[in-house]
Amino acid sequence: MQLSLSEIRQNAIRFAAAWSEGGNERADAQEFWIDLFAVFGVKRRSVASFEERVRNARGTYSRLDVFYSAVMIGEHKSRGEDLSKAKSQAFEYVEHLTREGRELDVPQHIVLSDFENIVIYDLDGKNPGDPIASFKTAELPDQFRHLLFLAGRQTRPIDPEDPINIRAVEILGQLHDALERGGYVGYDLERFLVRVLFCLFADSTGIFPPDCFKTIVRETREDGFGLGAIIEQMFQVLDRPREARVANLPEIFAELPYVNGRLFAERLRVANFDADMRQALLKACNFNWARISPAVFGSLFQSIMAGDTGQKKRRQIGAHYTSERDIMKLVRALFLDDLEEDLKACGSDRRRLLKFQDKLASLRFLDPACGCGNFLVVTYRELRRLELEMLLRLHEKEKDTARLLLDSLLKVDVDQMHGMEIEEWPALIAEVALWLIDHQMNQRVGEAFGEPVLRLPLKKSAHIVKTNALRHDWNQAIDAGQCSYVLGNPPFVGSKWQNDEQRADMKAVAGKVKSYGLLDYVTGWYIKASEYIQNTRIRCAFVSTNSITQGEQVGVLWPALLDRGIKIHFAHRTFAWTSEARGKAHVHVVIIGFGAFDLPGKTLYDYPDLKGEPIRDHSAGKTISPYLVFGPEITITNRSQPLCKVPRMVSGNKPIDDGHYLFTPEEKRDFLAREPQAEPLFRRWLGGHEFINGVERWFLLVSGRTPSELRSMPHVLDRIEAVRKFRAGSKSEPTRRLASTPTEFHTRFTPKAKFLAMPQVSSERRQYIPVAYLDDSYLPGDKLRCIADATPYHFGVMVSAMHMAWVRHVTGRLKSDYQYSIKLVYNNFPWPESPGDRQVKAVERAAQGVLDARARFPDQTLADLYDPRTTPPALVEAHRALDRAVDRCYRPSPFEHERGRVEYLFGLYQRLITPLTAAKSRRAR
């Protein structure tokens with residue numbers, strides 16, 4: 001049983017009396033250290049040795065005064081002797097251990113003493129060469145917390161950003177790989193690792209006697225023979241109450257607690273350990289698991305999955321694990337900020353504090369894609385933190401004067417957490433992770449009140465259901481009438497990446513939604529949640545890829561949700577998602593909080609820097625649109641004609657030629673050497689890439705030529721025949737029909753004068769999508785968007801901040817690049833309603849200023865000019881002037897930020913479509 005802090009303090013008082021100056025004249029160093037370990041309940045056999053030998057750089061042996069493997073090195077000097085030499089020796093011993101290949105034995109702490117003084121160094125700290133504590137031995141009763149690592153207690157706050165979390169990932173992954181190489185695979189391996197993970201944590205945090213599991217492993221044969229059977233016996237002991245265990249158990253087994261919780265109930269195939277497997281397990285035993293955050297277990301799972309097929313498997317499952325920092329963004333906005341305000345309002349009022357605790361204990365949480373439980377773990381930890389703060393207020397006067405029955409005071413428990421997970425192993429890890437965070441929080445309660453809290457045997461557990469959440473009735477996980485919050489991070493799988501089973505899931509969930517095939521997999525959780533929360537006060541929040549708030553998906557998903565009365569309560573607009581695991585994926589996400597009821601106030605979190613901290617904007621009486629701006633609850637859908645009176649935009653020419661009509665300059669030269677008559681047929685070709693980057697390409701334009709002309713050029717005929725065969729062999733019926741006219745484009749745009757062109761796809765890094773005038777000598781490809789008869793005013797608006805604000809929120813994305821849609825973006829863009837001649841001329845002058853600024857750099861490509869790192873200052877200033885001129889066409893006052901522009905544009909869009917919608921409704925009647 002772990003000693004309470006008050007018991008440790010009493011032991012420290014006795015130790016100080018015996019060993020402080022004048023208290024003990026024997027001055028026996030070994031007795032000093034044995035007594036010091038006893039203060040923290042550490043038995044002598046847990047200490048590896050005194051006078052441990054380690055080979056030094058000279059090839060001879062040095063002796064360590066005290067060596068507690070992987071925990072500490074103690075170096076002792078005579079009373080009053082300078083401890084700086086002891087420090088140098090101890091740090092040298094650490095180097096010797098590493099050089100000798102004994103990485104498993106390298107300690108985490110160094111402790112120095114001369115009987116009168118104790119100095120402590122943390123080798124995993126930020127400044128390992130500086131002591132974390134230095135005090136007189138007589139002061140140990142007040143300073144003992146610095147040495148709690150001897151009792152398996154955490155001595156510093158758990159930091160989710162601590163690199164030790166990544167080391168934990170690596171160590172467990174190495175153990176997995178060693179077991180797998182030894183032939184221990186599949187179902188048994190998964191469950192074995194989860195049990196080992198629990199034991200490692202228990203060894204480091206006082207659930208087990210200090211280093212109990214490590215001692216069991218260390219005392220086995222070096223070749224690993226028999227270790228698997230010993231561990232299996234230990235598992236069976238942990239699954240039995242003490243009174244039901246067999247007699248004559250080895251002492252170290254008899255000390256193990258009864259765990260229960262079904263964790264060790266199932267019998268697994270015994271692992272046949274070899275030397276490598278044993279060494280990997282020993283390395284895990286020597287790691288300080290007390291310092292990891294259980295919220296990082298998702299990353300443990302992700303690392304272990306990362307074999308040859310791991311990356312592909314993770315993409316298919318959509319297993320993206322959000323960092324604790326990002327989880328807290330959701331948790332705070334969904335419920336935590338409100339609960340903290342409630343606690344603050346309680347003050348020290350006993351009745352209100354007890355009512356607040358009852359509220360905490362009544363809350364029920366559901367994560368319908370819980371994975372390894374990251375969101376549930378953080379949620380539970382924060383509930384326990386609030387309960388502890390409440391208890392400290394309630395019992396502030398009692399905690400130092402009377403022993404409280406802490407177990408009876410705690411009401412928040414892990415059975416308030418509910419989850420659904422499609423894979424069995426992460427579901428099991430989620431359950432264990434919640435037990436571990438429960439123990440960590442019990443330790444915090446114990447430290448606050450001076451008495452240990454150990455909830456063993458396990459009587460309650462989280463309710464994690466192994467199921468496909470999109471095919472499961474969520475009421476079977478937890479009845480909607482009992483649920484308080486739904487939260488999580490559903491899988492990130494784009495519509496094009498879904499496998500057959502996932503497409504079937506989407507059909508089952510969203511089959512009645514028009515064009516549901518365009519939807520990402522994550523939207524299935526929104527649709528299921530919208531059904532589950534009907535006629536309740538349940539509040540939901542999901543982390544999602546930002547694609548569900550952009551492009552065509554908005555017009556497919558959100559009308560279905562809005563029709564069910566869904567209201568967006570808060571939203572974190574686009575920010576850069578961070579994974580805890582190696583090989584962090586680059587994903588831009590949003591967090592959307594919603595319910596089937598309205599709230600008087602809504603909150604948006606905006607990210608000027610996608611990797612930075614948000615700016616909070618709370619507003620009463622406004623709605624949040626599906627595009628995550630304050631504005632009307634409308635969605636933009638494809639429109640065949642422009643909403644406003646502006647020239648039509650069309651795509652360029654689409655050849656469907658398999659490249660047979662396209663030539664580089666070198667290919668053109670070689671072709672004309674063989675077919676000189678073809679020179680009049682060549683036109684300068686511009687696709688999106690060529691347009692932006694100034695790449696020279698040529699197109700063999702055979703359309704419009706007479707048959708006799710073409711037949712007189714055999715090499716041209718060869719190209720035509722190649723195109724005919726390519727089209728005829730297509731799987732697409734429309735393309736096969738085009739084989740009968742191989743000289744013609746699929747779609748054609750023939751400019752007769754100067755026209756505007758812009759690329760269909762452009763990098764999101766550019767502040768403006770490059771738009772330029774081209775003359776009719778160019779042949780635009782289908783990756784260009786073209787506007788004939790465009791005036792300088794039209795050019796000015798198209799390259800303005802107003803238009804780009806609309807693009808960023810309405811257009812779809814190709815990876816992260818803008819994919820400009822004519823029907824969705826251009827045809828719905830709300831142009832200024834009635835700009836005056838003076839305003840139009842101001843835009844035209846500013847637009848010419850942009851063209852003039854470009855003209856000063858005739859040898860630079862549009863890619864050069866619009867790279868944010870290299871844009872010339874003159875062009876930057878020209879665009880600013882143009883933005884001001886275009887803004888004034890919309891309203892006299894300037895826009896402070898892009899979101900203000902977007903909110904204005906959506907309001908204008910609603911005004912423009914209202915008469916059209918009304919007219920359509922009258923025609924329908």
Side-chain angles (χ1 to χ4, degrees), residues 1-50 52 64-77 79 83 86 90 107-122 131-156 203-212 214-215 252 255 288 290 400 403 443-444 446-454:
M1 176 65 72
Q2 190 179 60
L3 297 179
S4 70
L5 294 181
S6 59
E7 289 171 326
I8 292 175
R9 190 170 188 277
Q10 290 301 315
N11 290 345
I13 291 172
R14 288 190 287 271
F15 177 87
W19 288 100
S20 58
E21 184 176 0
N24 192 319
E25 298 300 330
R26 292 174 298 158
D28 183 288
Q30 288 192 14
E31 291 298 324
F32 175 92
W33 290 98
I34 291 171
D35 287 357
L36 182 61
F37 291 142
V39 169
F40 300 93
V42 180
K43 296 182 179 180
R44 180 172 181 171
R45 67 172 175 79
S46 297
V47 180
S49 65
F50 295 103
E52 176 82 8
L64 287 64
D65 289 346
V66 187
F67 180 60
Y68 192 168
S69 176
V71 177
M72 60 152 281
I73 285 176
E75 190 63 21
H76 204 96
K77 295 300 176 186
R79 194 183 300 274
L83 288 177
Q108 293 171 355
H109 293 88
I110 288 175
V111 183
L112 312 177
S113 182
D114 65 348
F115 297 108
E116 292 183 12
N117 302 280
I118 296 174
V119 183
I120 306 165
Y121 295 87
D122 182 354
I132 60 170
S134 179
F135 52 86
K136 295 289 186 182
T137 302
E139 298 171 347
L140 183 64
D142 298 319
Q143 301 287 343
F144 69 85
R145 291 176 184 272
H146 296 296
L147 289 165
L148 283 174
F149 60 84
L150 293 174
R153 290 176 181 258
Q154 177 60 29
T155 57
R156 56 172 149 162
D203 229 25
S204 298
T205 60
I207 297 176
F208 292 174
D211 285 345
C212 181
K214 180 168 72 174
T215 302
I252 197 166
E255 294 177 349
N288 184 6
D400 292 325
R403 182 181 180 115
Q443 285 186 309
R444 288 184 60 178
E447 290 165 8
F449 285 92
E451 298 295 335
V453 178
L454 188 62

Would you check if [X] and [Y] make a side-chain contact, meaning some heavy-atom pair closer than 4.5 Å?
| X | Y | answer |
| --- | --- | --- |
| Q30 | D65 | no |
| F149 | V71 | yes |
| E255 | F208 | no |
| F37 | M72 | yes |

Do you know the tightest heavy-atom contact between [X] and [Y]?
| X | Y | result |
| --- | --- | --- |
| W19 | E31 | CZ2-C, 3.8 Å |
| P141 | A16 | CD-CB, 3.9 Å |
| S134 | V119 | OG-CG2, 3.6 Å |
| S113 | I118 | OG-CG1, 4.1 Å |

Restricting to side-chain contact (heavy atoms from CB on, under 4.5 Å), what partner residues turn up for A38, sequence neighbours left out?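 Here no residue qualifies.
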Verify side chain to side chain contact (heavy atoms under 4.5 Å, CB included) between Y68 and V111, making sure each step is shown before the conclusion. CA-CA 11 Å; Y68 192 168; V111 183; over 6 Å; no
Among L36, V39, L140, the one residue meeting side-chain contact (heavy atoms from CB on, under 4.5 Å) with N11: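 Between N11 and the candidates, side-chain contact (heavy atoms from CB on, under 4.5 Å) is satisfied uniquely by V39.
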Among W33, F32, F144, find the residue that satisfies the ring pair (Phe, Tyr, Trp, His ring centres under 6.0 Å) test when tested with F15.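 Exactly one candidate clears the test, F32.
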Expected output: side-chain Q443 to main-chain T205 donor-acceptor under 3.5 Å: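 Confirmed, Q443 side chain pairs with T205 backbone.
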Separation of L83 CG from N117 CG (nearest 0.5 Å):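 Between atom CG of N117 and atom CG of L83 there are 6.5 Å.
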